S.K.: 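I have a structure I would like to understand better, so I am pasting it below and will then ask my questions one at a time.
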Amino acid sequence: MTVIDLARKLNLWRQITTAINAVLPAAAAGELLPRLAELPVTQSRATRSLGVYVSRLGEPVCIRLQFAQELENLRETFLHELSHCCDHLCNQPGKRYRRAHGPHWQQWATLLGATPQRCGSSAALEKLYLQRLKLVAVCRQCGTEFRRTRRLNRRRKYFHSDCGGTLRLI
Ligand SMILES: [Zn+2]
Ligand SMILES: [Zn+2]
């Protein structure tokens, strides 16, 4: 999937092109839009992050999105990440992307219709995260249970900092 595929699916492509054509000179818009359109969108399985804009060596690579979030969240996250790509290509072309949520990004986010804030949250993702937590250890001394998304390293010995007991790994 690419940005234009998802933008059409979410009914956002017209909004994006209209906004870009309104602020950029025709030549610049004509360069930016095809680059956005062909940018890959890939699926993220992260439960602590709604999405991310990935770049490498000064060039956009893709947008990764967690599709388990609510539709309204997905639109917001998509526009948020797309604003990073616009900010990168227009304000820091060819350079390693920096100041990810600075004033230039905020301008783009506002323009494209996203909330110009660092990160959003999603109740659906929060639930998914909690479901992924597994019981990974129990304190031998006091019985406290420890939940994480990943198992602990079996070659290590863990202690419960509150009581000093050793942990039994599960
Ligand atoms: Zn961001
Ligand atoms: Zn303990």
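For ligands, and for the atoms within them, numbers begin at 1 and follow the listed sequence. What you see is a predicted model, and the numbers here were worked out from it, not measured in a lab. In what follows, every heavy atom counts, from backbone to side chain, and hydrogens, waters and symmetry copies are set aside. Numbering starts at 1 and runs along the sequence shown.
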S.K.: Examine the side chains of Glu70 and Ser122 and answer whether a donor and an acceptor come within less than 3.5 Å of each other.
M.R.: yes
S.K.: Do His88 and His104 have side-chain atoms, one donor and one acceptor, less than 3.5 Å apart?
M.R.: no
S.K.: Can you tell me the angle formed at the Zn ion (ligand 2) by SG of Cys142 and SG of Cys139, to 10°?
M.R.: 110°
S.K.: Looking at His101, pick out the N, O or S atom nearest to the Zn ion (ligand 1) and give its name.
M.R.: NE2
S.K.: Between Gln141 (side chain) and Gly164 (backbone), is there a donor-acceptor pair under 3.5 Å?
M.R.: no
S.K.: Any idea which N/O/S atom from His160 gets closest to the Zn ion (ligand 2)?
M.R.: ND1
S.K.: Is it true that Glu145 and Arg168 make a salt bridge, defined as a side-chain N closer than 4.0 Å to a carboxylate O?
M.R.: no
S.K.: So which of the N, O or S atoms of His84 lies nearest the Zn ion (ligand 1)?
M.R.: NE2
